[in-house]
There are 2 protein chains.
Amino acid sequence: MKDIPLQLWVVLARAFNAVERHSRASIARFGVGTTEFGVLEVLHHKGELPVCEVQRRILVESSSTTYVVDKLCARRLVRRRRGETDRRVILLTLTSAGRRLIRRIFPPHARAMRYAVAALAPRDQARAVRLLRTLGLGAAARLESR
Amino acid sequence: MKDIPLQLWVVLARAFNAVERHSRASIARFGVGTTEFGVLEVLHHKGELPVCEVQRRILVESSSTTYVVDKLCARRLVRRRRGETDRRVILLTLTSAGRRLIRRIFPPHARAMRYAVAALAPRDQARAVRLLRTLGLGAAARLESR
DNA sequence: TGAAACTATCTCGATTTCGAGATAATCCGC
DNA sequence: GCGGATTATCTCGAAATCGAGATAGTTTCA
């Protein structure tokens, strides 16, 4: 096998899959799925955000975002609010229950991630971050121009 | 942001997502999804294989594997055959139509992957392969031991 | 040998995600 | 300030994936 791009795609998929399982396992016992966690996390770190902004960050389609936000609202973890300056947007915020939950989930999740990637020494983790950032941004840019 | 493991997880997910879109786009016009393509590809490269062996390589659960193989069999791209030495296993092979199809899909797919990862110079692609292989194997190993 | 543990595959129902398209609000160029 | 393009969100039905568990065959070893 000499085709590096194909090899890169394979190991990228495998690494993503394995690390994602660690992530899922660390949050599943709180009754929260990967995508729901993504919403809680971004709202926790950025504060109130429009749905579209959240969507961009959690890597699912808009219809799936609606679905996930519906569930979080039903569980009273997130609240919807109509935007005032731009009345197309719906702004999302954590409720206090949502804030409590994410604060409880986050520390073990960060530990799980540290453990998941510990096969790489810190220096190599930093290298991987740089390479993957370039790769991801480049691939994303090339998507649009096609 | 100083937490490298979390950063690594984010850029890994983003890179995977962006590259996967390239992959999907390159095979979707043949009416084949990512998982179906995985089955065709592995059978193309390895020849006849048991379902469980295919499953290990395409990163989905066994029930999903059954579902995907069902569809490929319905389209007469793959054939099931009962194993002889071990009668639990079902062996999968490409039909000649399946072989024809994968041979038609593969070259543009390889090109798409080359293009998708072209933001990294060949030398950095090779570095990324090494790092991701270590990361993936390490994370997978750490899954079991938990 | 025979029972218990393990492995391979499949079934079934539920969950998650997608894609196309509807609706409403905003932006832009003239 | 009008009309067409764009953007934000949501609805709906279909497709993909999962998880638990059923079934059948195999391995292990007391």
Side-chain angles (χ1 to χ4, degrees), chain A residues 13 16-17 20-21 23-25 27-40 42-43 48-75 78-93 143-144, chain B residues 13 16-17 20-21 23-25 27-40 42-43 48-75 78-93 143-144:
Chain A
F16 171 77
N17 188 269
E20 204 214 4
R21 282 169 194 268
S23 171
R24 288 171 64 84
I27 62 183
R29 58 201 149 105
F30 297 98
V32 173
T34 300
T35 310
E36 292 168 306
F37 178 75
V39 175
L40 296 177
V42 66
L43 292 179
E48 188 169 56
L49 283 180
V51 172
C52 61
E53 203 53 54
V54 171
Q55 190 220 321
R56 266 181 210 107
R57 294 163 195 268
I58 63 176
L59 306 176
V60 300
E61 296 305 311
S62 70
S63 52
S64 308
T65 308
T66 298
Y67 170 76
V68 173
V69 170
D70 277 352
K71 284 196 310 178
L72 292 172
C73 288
R75 286 172 67 183
V78 164
R79 209 180 2 251
R80 284 182 164 104
R81 183 166 77 80
R82 172 72 56 179
E84 281 148 18
T85 68
D86 184 340
R87 273 183 321 195
R88 289 170 303 181
V89 313
I90 303 281
L91 295 166
L92 301 177
T93 38
L143 273 172
E144 328 217 331
Chain B
F16 171 76
N17 188 268
E20 204 214 5
R21 282 168 194 267
S23 170
R24 288 171 63 85
I27 61 184
R29 59 200 147 105
F30 297 98
V32 173
T34 300
T35 310
E36 292 167 305
F37 178 75
V39 175
L40 296 177
V42 67
L43 293 178
E48 187 169 56
L49 283 180
V51 173
C52 61
E53 203 54 55
V54 171
Q55 191 221 320
R56 265 179 211 107
R57 296 164 194 268
I58 62 175
L59 307 177
V60 299
E61 296 305 312
S62 69
S63 52
S64 308
T65 308
T66 299
Y67 170 75
V68 173
V69 170
D70 276 353
K71 284 196 309 176
L72 292 172
C73 288
R75 286 172 68 181
V78 164
R79 206 175 8 248
R80 283 180 165 104
R81 185 166 77 80
R82 172 72 55 182
E84 280 148 20
T85 68
D86 184 340
R87 272 184 321 195
R88 289 170 303 180
V89 313
I90 304 282
L91 296 166
L92 301 178
T93 38
L143 273 172
E144 329 218 330

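Numbered from 1 within each chain, the chains take letters A, B, ... in sequence-line order. Heavy-atom basis, side chains included; hydrogens, waters and symmetry copies ignored.
- Between B/E61 atom CD and C/dC10 atom C1' there is a gap of 14 Å when expressed in whole angstrom units.
- In this structure, B/T85 reaches the sugar-phosphate backbone alone: every heavy-atom distance under 4.0 Å involves primed, P, OP1 or OP2 atoms, never a base.
- You'll find that the side chain of A/T35 is closest to C/dT17, out of D/dA8, C/dC10, C/dT17.
- In the set C/dT9, C/dA25, C/dC18, the nucleotide with an atom closest to the side chain of B/P50 is C/dT9.
- Atom P of nucleotide C/dT16 and atom CG of A/L59 are separated by 18 Å, given to the nearest angstrom.
- Place A/S62 and A/D86 on DNA chain C by their nearest nucleotides, and A/S62 ends up nearer the 5' end.
- Look at B/T66 and you'll find a side-chain N or O under 4.0 angstrom from OP1 or OP2 of C/dC10.
- Heavy atoms of A/R82 sit nowhere under 4.0 angstrom from any nucleic acid atom.
- The separation between B/I90 atom CD1 and D/dT26 atom P is 12 Å, rounded to whole Å.
- Between the P atom of C/dT15 and the CZ atom of A/R24 lies a distance of 14 Å, rounded to the nearest Å.
- Between A/V60 and A/E84, the residue whose closest nucleotide on DNA chain C is further toward the 5' end is A/V60.
- When each of D/dT17, C/dA8, C/dC10 is scored by its nearest atom to the side-chain atoms of B/R56, the top-ranked nucleotide is C/dA8.
- Using a 4.5 Å heavy-atom cutoff, the side chains of A/R80 and A/C73 are in contact.
- Between B/R87 and D/dT23, a side-chain N or O to OP1/OP2 separation shorter than 4.0 Å is absent.
- Note on A/R75 versus A/D70: no salt bridge recorded, every NZ/NE/NH1/NH2 to OD/OE distance being 4.0 Å or above.
- As a whole-Å value, the separation of B/D70 CG from C/dC12 C1' is 13 Å.
- Put simply, CD on A/E53 is 9 Å from P on D/dT9, counting in whole angstrom units.
- Across the protein-nucleic acid pair, B/E36 atom CD and C/dC18 atom P stand 17 Å apart, rounded to whole Å.
- B/L72 is listed as a side-chain neighbour of B/L40, based on a closest heavy-atom distance under 4.5 Å.
- A sub-4.0 Å separation between OP1 or OP2 of C/dT9 and a side-chain N or O of B/R81 is absent.
- For the OP1/OP2 pair of C/dT16 and a distance below 4.0 Å, the side-chain nitrogens and oxygens of A/K71 include at least one atom meeting the criterion.
- With rounding to whole Å, A/Q55 atom CD is found 12 Å from D/dC10 atom C1'.
- Considering B/R87, B/R82, B/R81 in turn, B/R81 is the only one that fulfils the side chain to side chain donor-acceptor pair (under 3.5 Å) rule with B/E84.
- Contact annotation: B/S63 side-chain N/O to D/dT17 OP1/OP2 distance is not under 4.0 Å.
- With hydrogens and angles disregarded, no donor-acceptor distance shorter than 3.5 Å links the side chain of A/E53 to the backbone of A/P50.
- Comparing B/G33 and A/Y67, the nucleotide of DNA chain D nearest to each residue sits closer to the 5' end for A/Y67.
- Residues A/R21 and A/C52 each lie close to DNA chain D; by heavy-atom proximity, the contact nearer the 5' end of the strand is made by A/C52.
- Here A/T65 lies out of heavy-atom contact (under 4.0 Å) with every strand.
- In terms of phosphate contacts, B/R80 brings a side-chain nitrogen or oxygen within less than 4.0 Å of OP1 or OP2 of C/dC10.
- Ion pairing of A/E61 with A/R56 is absent here, as no side-chain N (NZ or NE/NH1/NH2) approaches a carboxylate O to less than 4.0 Å.
- Side-chain atoms of B/R88 and base atoms of D/dT26 include no donor and acceptor less than 3.5 Å apart.
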